Amino acid sequence: MPSRRGDDPAEGKDQEVQLHGTAAQIDAASAPALPQDYEEALVELLAKVRENKALTAENKVLAPKAGKWDEFMNSDGLIGMTAIADILDMPVKEMTNWLIAENIFRKQVSRFGSNQNMPRRMYQSSGHFKIKVESNGRVSYEVAYATTQGADLIFDRRQGRAAA
């Protein structure tokens, strides 16, 4: 193996430093292995084609869901509850009461005595909703936001109720 000499100022002696391979050896070790015959090449190609088809199918399912919320999302990728209520064409308070009745939100009173209903923890931990602390300059308070997954949940539940 190649080596180089360097000075160790603490001991005043030359110390030998071992290098672990050259750049060409490292590149060769990290390069993908080439197929050894035609059959092996076809098997690898078939695996890549199947993987590509599966990813394309998954994208077809996910793209419309993600895309339909883009215009309502803030810079954090979250959707305000007011925006969802507007889309549903209902007042925020009515939507919040419906979410409480559906056991998605829990009834909660703020420290100032007003309603500050929040998503249940299981819906927060599952990624349906996020809670952010905001401030009006004098007072800090919690605000619930829906993720795209949470917005889908609300609309799916609302459609299920309308169909029943």
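Just so we're clear, the structure is a prediction, and the values are computed from it rather than from any experiment.
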statement: Quick note, side-chain hydrogen bond (donor to acceptor under 3.5 Å, both in side chains) partners involving residues 126-135, not counting sequence neighbours, are Asp76-Lys132, Ser126-His128, Glu134-Tyr145

field: Distance, nearest 0.5 Å, that separates CD1 of Ile79 from CD of Gln149
entry: 11.5 Å

query: So with a 6.0 Å cut-off around CZ of Arg106, is the heavy-atom count from everything else above 12?
result: yes

message: Do Val139 and Val133 land in one hydrophobic cluster if side-chain heavy atoms of ILVMFWY residues count as linked below 4.5 Å?
response: no

field: Nearest atoms (heavy-atom pairs only) where Met95 meets Met81
entry: CE-O, 3.3 Å

Residue pair Leu153 / Ile104, side-chain heavy-atom distance below 4.5 Å: yes

- prompt: Nearest heavy-atom pair of Phe155 and Ile84: which atoms, and what distance?
  reply: CE1-CG2, 3.9 Å

- line: In short, Pro35 meets Glu40 closest at the heavy-atom pair CA-OE2, 3.5 Å

field: Neighbour count >12 (heavy atoms, 6.0 Å) for atom CG, Asn136
entry: yes

- line: Interatomic distance, CD1@Ile100 vs CE@Met118, rounded to 0.5 Å, equals 10.5 Å

Euclidean distance, Trp98 CH2 relative to Leu88 CG, rounded to 0.5 Å: 7.5 Å

message: Just verifying a value: how many Å separate Glu51 CD and Thr56 OG1, rounded to the nearest 0.5 Å?
response: 10.0 Å

statement: Closest non-hydrogen contact found for Asn103 with Tyr123 is O-CE1, 3.5 Å

statement: Closest non-hydrogen contact found for Gln124 with Pro119 is NE2-O, 2.7 Å

message: Going by side chain to side chain contact (heavy atoms under 4.5 Å, CB included), Phe129 matches just one of Leu78, Thr147, Ile154. Which one?
response: Ile154

